[in-house]
Amino acid sequence: MSHEITQRLEYMEEQIEILRMENRVLSTALKGILKGLPQDLAGDVVESIQIAFENASGELNYHDHPYADVFHDVTYDFFHEKE
């Protein structure tokens with residue numbers, strides 16, 4: 001493998017890890033916000049978020065987006081992650 005390709009792969013791997021950490025930061029922030037809300041309001045907010053994600057997933061499926069399944073899986077994992 002050429003040196004240039006190796007460098008590009010290393011760069012891409014680093015960018016993927018950065019993106020994963022950014023997503024983890026956002027996920028942690030959202031969970032913190034939800035925990036800070038009164039229980040009844042938090043339930044309403046979670047339900048609203050779930051509906052928004054279902055709508056987005058449906059739109060991705062409707063447009064036959066190549067990553068629709070990934071979006072669905074990541075959304076499911078987010079809402080069913082053990083804390």
Side-chain angles (χ1 to χ4, degrees):
M1 194 176 336
S2 78
H3 181 68
E4 182 181 328
I5 292 174
T6 301
Q7 284 182 320
R8 291 180 73 188
L9 285 173
E10 288 173 359
Y11 174 79
M12 289 175 65
E13 288 172 349
E14 181 180 330
Q15 294 306 305
I16 289 169
E17 288 306 314
I18 290 169
L19 183 59
R20 283 185 177 143
M21 284 299 110
E22 288 172 346
N23 287 339
R24 188 170 188 164
V25 166
L26 291 173
S27 173
T28 301
L30 180 57
K31 289 175 183 179
I33 290 168
L34 292 174
K35 283 182 181 182
L37 294 174
Q39 188 63 34
D40 58 334
L41 182 58
D44 291 344
V45 170
V46 168
E47 182 179 340
S48 179
I49 291 169
Q50 287 174 322
I51 290 169
F53 279 124
E54 288 170 9
N55 290 341
S57 181
E59 185 177 321
L60 290 171
N61 284 322
Y62 177 79
H63 294 291
D64 201 27
H65 193 282
Y67 294 107
D69 290 339
V70 174
F71 181 86
H72 178 269
D73 293 347
V74 172
T75 301
Y76 180 85
D77 289 346
F78 175 80
F79 283 105
H80 296 91
E81 181 180 287
K82 303 276 188 249
E83 295 192 26

Q: For the pair H65 and Y67, name the ring-plane relationship: parallel under 30°, tilted 30 to 60°, perpendicular over 60°.
A: tilted
Q | Atom pair CG (L26) and CE (M21), whose distance is rounded to the nearest 0.5 Å | A | 12.0 Å
Q) Would the number of heavy atoms belonging to other residues, nucleotides or ligands and lying under 6.0 Å from CD of Q15 be above 12? A) yes
Q. OG1/T28 to CD1/I33 distance, rounded to the nearest 0.5 angstrom?
A. 11.0 Å
Q) How close do A42 and L34 get, heavy atom to heavy atom, and via which atoms? A) CB-O, 3.5 Å
Q. If you group Ile, Leu, Val, Met, Phe, Trp and Tyr by side-chain heavy-atom gaps below 4.5 Å, do F71 and V46 land in one group?
A. yes
**Q.** H3 atom NE2, neighbour heavy-atom count above 12 within 6.0 Å
**A.** no
**Q.** Value rounded to 0.5 Å, distance of CG in L37 from NZ in K35
**A.** 12.5 Å
Q | Neighbour count >12 (heavy atoms, 6.0 Å) for atom CG, N55 | A | yes
Q. When clusters are formed by joining ILVMFWY residues with side-chain heavy atoms under 4.5 Å apart, either directly or through shared neighbours, do V70 and L60 land in the same one?
A. no
Q: Answer with yes or no whether the hydrophobic clustering places I16 together with L9; edges join I, L, V, M, F, W, Y residues whose side-chain heavy atoms lie under 4.5 Å apart.
A: no
Q: Could you grab the distance from atom OH of Y62 to atom OG of S57, nearest 0.5 Å is fine?
A: 15.0 Å
Q. In Å and rounded to the nearest 0.5 Å, what is the CG to CD1 distance from L30 to I49?
A. 4.5 Å
Q: With sequence neighbours excluded, give me every salt bridge (Lys or Arg N to Asp or Glu O under 4.0 Å) pair touching residues 5-28.
A: E17-R20
